Amino acid sequence: MSQFQIVLDGESLITPAAIATEFNSQRIEFYEEQLATGKAEIALILNIAQQQFGQRRDPADIIHRIAGSLHEARNKYQPSVWQELIPLVQNHAVSDFFLQDPFTRWSFEKPRGYSGDAQLLDFIYGHPSIAGEVAKATPLGRALYEYTKDASSSVAVRERRDLLTRHVDEIAATRGGEAEILTVAAGHLREANRSAALREGSLKRWVALDQDPLSVGSIARDFMGTRIEAVDGSVKSLLTRSQELGQFDFIYAAGLYDYLTEKVAVKLTRRCLEMLKPNGVFLFANFARDIHVDGYMETFMNWALLLRSEFDMWQIIHASADREAIEARVQFGANRNVVYGIIQKRS
């Protein structure tokens, strides 16, 4: 597994350590009592899972049960307490079983140096690029992967990819071949593989912006000769206007807002709205609150996320634009694991 490390801009992205520091500074009354109760409950949850692995129970049943139990624990305890429980889960012997899942292991180890990288999403997509990692996993690891790749959050990510493709094609259909698209934090841009507009050449240009040089290189290679332009850039480069990318009919950020504080999210939304043409559309997506596998993601996968509600999305929208200048809506995906903010700039 590659140990290539990406130097992030350091001003916009949330890390597990940053979240832990934030919540541990907000300790509540009766913190010690809650923590003691939480430690006892977590120990019981983990020990039961370890026993079930020893008894060779169905891996899907084991992981489903523990994901549900961790979800309940995450909701039960105050954030400062939950942050203290996360390392107890990660350091328990049962983690050796779950880390045999190549998807879980990739997320936990972060070979590219940050959470939610493009290769991680390829585990969700079942892309051929991850076939080698899956093939060399243990039989238990492959069985666990069959569960994690089809967990509700993974299904939502695949739905998100297909929704983005539809939006690109719908925008292209209304612009007579002159549509200009910008993807912020593009990853490997897998949604482009399904775009009829790209395939038929009915786009003027599609700028794919990402700060990970491995992702930028992958896009440049995979879409050579198309209307897609791979550009090395970040949230910081957009906010500081160090790149002149032009104006766009459709801008979207599908997996980025999960890692942005509200303050940075508002700044980025404002900037993206400035880059829209009249009647242009900006879409941003976020994992929703109360997803079933949030506890598993934050513990065994070491995948820290800022989950948002419908209200949270409206807060970002209202703080980013004059209501008279836009039309906006917030909607959930089919299984309600992802929530979307969609803003159209008035002409």
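The figures that follow rest on heavy atoms only: side chains count, while hydrogens, waters and symmetry mates do not. Computed from a predicted model, the values in this text were never measured in an experiment.
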**Prompt:** How close do I130 and D122 get, heavy atom to heavy atom, and via which atoms?
**Reply:** CG1-O, 3.6 Å
**Prompt:** Does the S95 side chain pair with the main chain of N91, one donor and one acceptor, at a distance under 3.5 Å?
**Reply:** no
**Request:** Please say which of V235, L182, T183 ends up in a side chain to side chain contact (heavy atoms under 4.5 Å, CB included) with L209.
**Result:** L182
**Message:** Main chain of A197, side chain of D169: is a donor-acceptor contact present, judged purely on distance under 3.5 Å?
**Reply:** yes
**Message:** Under 4.0 Å between a side-chain nitrogen and a carboxylate oxygen: does that hold for D150 and R158?
**Reply:** yes
**Asked** Hey, is the main chain of V281 close enough, under 3.5 Å, to the side chain of Q344 for a donor-acceptor pair?
**Response** no
**Hphob cluster co-occupancy, F108 + L140, side-chain heavy atoms under 4.5 angstrom** = no
**Request:** May I ask you to say whether E178 pairs ionically with K277, meaning some side-chain N is under 4.0 Å from a carboxylate O?
**Result:** no
**Item:** Distance in Å, M275 CE paired with Q247 CD, rounded so as to fall on 0.5 Å steps
**Value:** 7.0 Å
**Asked** Parallel, tilted or perpendicular: which fits the ring planes of F103 and F123, with parallel below 30° and perpendicular above 60°?
**Response** parallel
**Asked** If you round to the nearest 0.5 Å, how far is CG of L163 from CG of L283?
**Response** 6.5 Å
**Asked** Are more than 12 heavy atoms from other residues, nucleotides or ligands located less than 6.0 Å from atom NE2 of H64?
**Response** no
**Prompt:** Taking only residues two or more places apart in sequence or in another chain, which ones pass side-chain hydrogen bond (donor to acceptor under 3.5 Å, both in side chains) with D58?
**Reply:** none
**Message:** Exactly one of R56, Q52, Q55, Q50 should register a side chain to side chain contact (heavy atoms under 4.5 Å, CB included) with I62. Which one does?
**Reply:** Q52
**Message:** Do Y125 and H188 make a side-chain contact, defined as non-hydrogen atoms from C-beta onward lying under 4.5 Å apart?
**Reply:** no
**Request:** Using modelled atom types only, decide if a donor and an acceptor are shared between the side chain of N286 and the backbone of L306 within a distance under 3.5 Å.
**Result:** yes
**Asked** Are M313 and V266 co-members of a hydrophobic cluster defined by side-chain heavy atoms under 4.5 Å apart?
**Response** yes
**Prompt:** Can you tell me if D258 uses its side chain to pair, donor with acceptor, with the backbone of L305 under 3.5 Å?
**Reply:** no
**Prompt:** Just by modelled atom types, is the Y257 backbone N or O under 3.5 Å from a matching donor or acceptor in the R308 side chain?
**Reply:** yes
**Request:** Please lay out, stage by stage, how Q83 and I86 fare under the test side chain to side chain contact (heavy atoms under 4.5 Å, CB included).
**Result:** CA-CA 5 Å; Q83 289 300 316; I86 288 174; 3.7 Å; yes
**Salt-bridge present (R161, E191; N to O < 4.0 Å)** = no
**A321 to L273 - nearest heavy-atom pair and separation** = CB-CD1, 3.6 Å
**V94-L99 co-clustered via ILVMFWY side chain contacts under 4.5 Å** = no
**Message:** Donor-acceptor pair, distance only, cut-off 3.5 Å: does the side chain of S154 make one with the backbone of T148?
**Reply:** yes
**Item:** Parallel, tilted or perpendicular: rings of F98 and F300 (30°, 60°)
**Value:** tilted
**Item:** Atom of V168, atom of S195 and distance for their closest heavy-atom approach
**Value:** CG1-OG, 4.1 Å
**Asked** Side chains of N75 and D290: is there a donor and an acceptor less than 3.5 Å apart?
**Response** yes
**Message:** So does E146 get a backbone contact from the side chain of K149, meaning a donor-acceptor N/O pair under 3.5 Å?
**Reply:** no
**Message:** Please check: side-chain N/O of N335 versus main-chain N/O of S152, any donor-acceptor pairing under 3.5 Å?
**Reply:** yes
**Request:** Determine whether the side chains of Y296 and T104 contain a donor N or O and an acceptor N or O closer than 3.5 Å.
**Result:** yes
**Item:** R194 vs L164 side-chain heavy atoms within contact, under 4.5 Å
**Value:** no
**Asked** Is the F250-H167 ring centre distance short of 6.0 angstrom?
**Response** yes
**Complete:** Between the CE atom in M301 and the NZ atom in K110, the distance rounded to the nearest 0.5 Å is 8.5 Å
**Request:** Measure across W106 and P111 and return the closest heavy-atom pair with its distance rounded to 0.1 Å.
**Result:** O-CD, 3.3 Å
**Message:** Do F287 and S153 make a side-chain contact, defined as non-hydrogen atoms from C-beta onward lying under 4.5 Å apart?
**Reply:** yes
**Prompt:** Are side-chain heavy atoms of I316 and E262 found at a separation under 4.5 Å?
**Reply:** yes
**Message:** Would you say Y147 ends up clustered with V155 if hydrophobic residues are merged whenever their side chains have heavy atoms under 4.5 Å apart, either directly or through other cluster members?
**Reply:** no
**Asked** Quick one: are F282 and I326 in side-chain contact, heavy atoms under 4.5 Å?
**Response** no
**Request:** Could you walk me through whether N47 and H92 pass the side-chain hydrogen bond (donor to acceptor under 3.5 Å, both in side chains) test, one step at a time?
**Result:** CA-CA 9 Å; N47 289 338; H92 193 278; 3.0 Å; yes
**Asked** Given the rule in the side chain to side chain contact (heavy atoms under 4.5 Å, CB included) test, do F284 and I317 qualify, once you have shown the distances and angles that lead to the verdict?
**Response** CA-CA 10 Å; F284 64 103; I317 292 170; 3.9 Å; yes
**Shortest non-hydrogen contact from S202 toward A172** = O-CB, 3.9 Å
**Request:** Please determine, by modelled atom types, if D312 and S309 share a side-chain donor-acceptor pair under 3.5 angstrom.
**Result:** yes
**Asked** What distance separates L307 CG from E298 CD, expressed to the nearest 0.5 Å?
**Response** 6.5 Å
**Message:** I want to check something: taking the side chain as every heavy atom from C-beta on, are E41 and E72 in contact at a cut-off of under 4.5 Å?
**Reply:** no
**Rounded distance [0.5 Å steps], OG in S215 versus CG in D117** = 7.0 Å
**Asked** For R336, does the CZ atom have more than 12 heavy-atom neighbours from other residues, nucleotides or ligands under 6.0 Å away?
**Response** no
**Heavy-atom pair of closest approach, residues I251 and V184** = CG2-CG2, 4.1 Å
**Contact check, side chains of I181 and F248, non-hydrogen atoms, under 4.5 Å** = no
**Item:** H292 and N337 side chains, donor-acceptor separation under 3.5 Å
**Value:** no
**Asked** Between the side chain of E159 and the main-chain N/O of G333, is any donor-acceptor distance below 3.5 Å?
**Response** no
**Request:** Test side chain to side chain contact (heavy atoms under 4.5 Å, CB included) on Y31 and E84 and set out the steps.
**Result:** CA-CA 11 Å; Y31 170 84; E84 291 288 341; 2.9 Å; yes
**Prompt:** Checking side chain to side chain contact (heavy atoms under 4.5 Å, CB included) for the pair L121/R190: CA distance, chi angles, key distance, verdict?
**Reply:** CA-CA 9 Å; L121 296 186; R190 298 302 184 202; over 6 Å; no
**Asked** Hey, any chance L88 and I48 share a hydrophobic cluster, counting ILVMFWY side chains that come within less than 4.5 Å of each other, even indirectly?
**Response** no
**Item:** Residue R346 excluded, over 12 heavy atoms near CZ under 6.0 Å
**Value:** yes
**Sub-4.5 Å side-chain heavy-atom contact between H318 and R323** = yes
**Complete:** CG of D294 to CG of L70, rounded to nearest 0.5 Å, is 9.0 Å
